[in-house]
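Numbers restart at 1 for each chain; the letters A, B, ... are given by sequence-line order, proteins then strands. Source: prediction; values computed, not measured. Every heavy atom of this structure was used, including side-chain atoms; hydrogens, water molecules and symmetry mates were not.
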Amino acid sequence: MTLHTALVKIEEEKISSEKAKKFIASEKNGAESIFVGKVRNENDGKKVIAVTYDAHDQAVIKSFQLICNNAKNKFDKNAKIFLEHAKGYAPVGEISILIAVGSGHRDEAFKICRYILEEVKHQSPIWKKEHYVDGKEEWLPGHSLRPKKEVK
Amino acid sequence: MEIQLKLYGSSKILSEKETLDIQLPNNSDIKKLRDILTKIISEKYSRSNLENLPKTAAFFSEKDEVIDDSYKLSNKEYISIIPPIGGG
């Protein structure tokens, strides 16, 4: 198996970089690239204590598989890819997304990692609500999936 | 007719439930749904920063595919509203 994708209910289970490293391990790898995105304690001057991630589960998994397969076709058909994203309430410091790539060469490993991250942000139906120190909360703006021909 | 709108992201402000039942004239399309959402938001949620939602949201069919403004809705149809996304 060369591809693993999942949405992780973060209140029940953690996203594990050890699990990702094990999944992509191979003697064929000349390079392993791992990106770990985390919930940070500040955004736009506001003190953040946590983020709630909402997701359209089925569409997210479909998009993850499409993105990863596109990445393999574009950069390295033999790459091993691990992609997990958090769903639910994630406090500061929690892993929100983990992308791990095992590939023959460093250039492909870096490129696949970056490609997947950017495509997830633009294709996968996931939303963030930030929770602030003062008790307020806010859904963050994002990228519209409305067909471009309709947006004037 | 009536449809069930499954809510995600910022649209969850529109109901305490996971879905919102919306009354529409027969043979309505997605464009009509956008108009009705605009009306609901301006009447009941004008202070919630949702005024752009009807314009920026996409809609998914039950098959999780994006449906465009000319898509004709059916009575009791279950569709999802997809506000602008931003994971990672």
Side-chain angles (χ1 to χ4, degrees), chain A residues 7-8 35-40 43 51-64 66-67 83-87 90 95-99 113-114 116-130 136-152, chain B residues 4-20 28-38 41 45-73 77-88:
Chain A
L7 262 175
V8 177
F35 174 83
V36 180
K38 290 186 166 186
V39 177
R40 65 187 170 122
N43 187 28
V51 171
T52 295
Y53 291 93
D54 187 24
H56 187 304
D57 296 23
Q58 305 95 298
V60 166
I61 292 302
K62 266 191 204 175
S63 72
F64 280 3
L66 181 68
I67 291 165
L83 167 61
E84 289 190 348
H85 197 293
K87 181 178 177 182
I95 295 176
S96 58
I97 184 170
L98 195 151
I99 305 164
C113 220
R114 184 62 189 253
I116 291 172
L117 181 63
E118 299 304 327
E119 293 300 308
V120 165
K121 284 178 176 289
H122 287 85
Q123 288 190 42
S124 302
I126 298 171
W127 299 270
K128 281 186 212 183
K129 181 164 71 176
E130 285 184 340
K136 291 180 181 168
E137 53 190 34
E138 183 181 355
W139 288 100
L140 297 188
H143 175 78
S144 175
L145 292 185
R146 187 174 179 192
K148 284 193 174 59
K149 63 182 181 184
E150 293 179 359
V151 184
K152 292 168 188 165
Chain B
Q4 270 195 307
L5 189 63
K6 176 86 165 76
L7 304 172
Y8 290 97
S10 60
S11 69
K12 287 188 162 178
I13 294 168
L14 299 174
S15 175
E16 288 177 358
K17 295 190 293 181
E18 294 285 305
T19 58
L20 180 65
S28 288
D29 55 17
I30 293 291
K31 187 171 183 308
K32 183 68 183 174
L33 175 60
R34 290 187 195 278
D35 293 342
I36 287 173
L37 280 174
T38 300
I41 289 166
Y45 302 95
S46 58
R47 298 169 77 181
S48 60
N49 290 328
L50 288 180
E51 65 273 13
N52 286 327
L53 181 67
K55 196 168 66 179
T56 56
F59 294 89
F60 279 3
S61 67
E62 285 183 67
K63 291 179 182 170
D64 306 329
E65 290 164 348
V66 176
I67 45 183
D68 64 27
D69 275 8
S70 61
Y71 178 91
K72 292 284 182 197
L73 294 158
E77 190 160 355
Y78 183 93
I79 65 168
S80 303
I81 183 168
I82 308 294
I85 60 166

With chain B, which of P125(A), P147(A), P141(A) has the greatest number of heavy-atom pairs at distances under 4.5 Å? P125(A)
Can you list the residues of residues 81-88 of chain B that sit under 4.5 Å from chain A, counting heavy atoms only? I82(B), P83(B), P84(B), I85(B), G86(B), G87(B), G88(B)
Contacting region of F59(B) [heavy-atom separation from chain A under 4.5 Å]: neither
Considering only heavy atoms, which portion of A86(A) lies under 4.5 Å from any heavy atom of chain B: side chain, backbone, both, or neither? neither
Region of I97(A) that comes under 4.5 Å of a non-hydrogen atom in chain B: side chain
Distance-only donor-acceptor pairs under 3.5 Å across chain B and chain A:
unit_1, atom_1, unit_2, atom_2, d
G9(B), N, D54(A), OD2, 2.8
K12(B), NZ, D54(A), OD1, 3.3
K12(B), NZ, D54(A), OD2, 3.3
K55(B), O, R146(A), NH1, 2.8
T56(B), O, S144(A), OG, 2.5
K63(B), O, K62(A), NZ, 3.2
D69(B), N, E150(A), OE2, 2.7
D69(B), OD2, R146(A), NH2, 2.7
P83(B), O, W127(A), NE1, 2.9
P84(B), O, W127(A), NE1, 3.2
I85(B), N, H143(A), O, 2.8
I85(B), O, H143(A), N, 2.7
G86(B), N, I126(A), O, 2.8
G87(B), O, K121(A), NZ, 3.3
G88(B), N, H85(A), NE2, 2.8

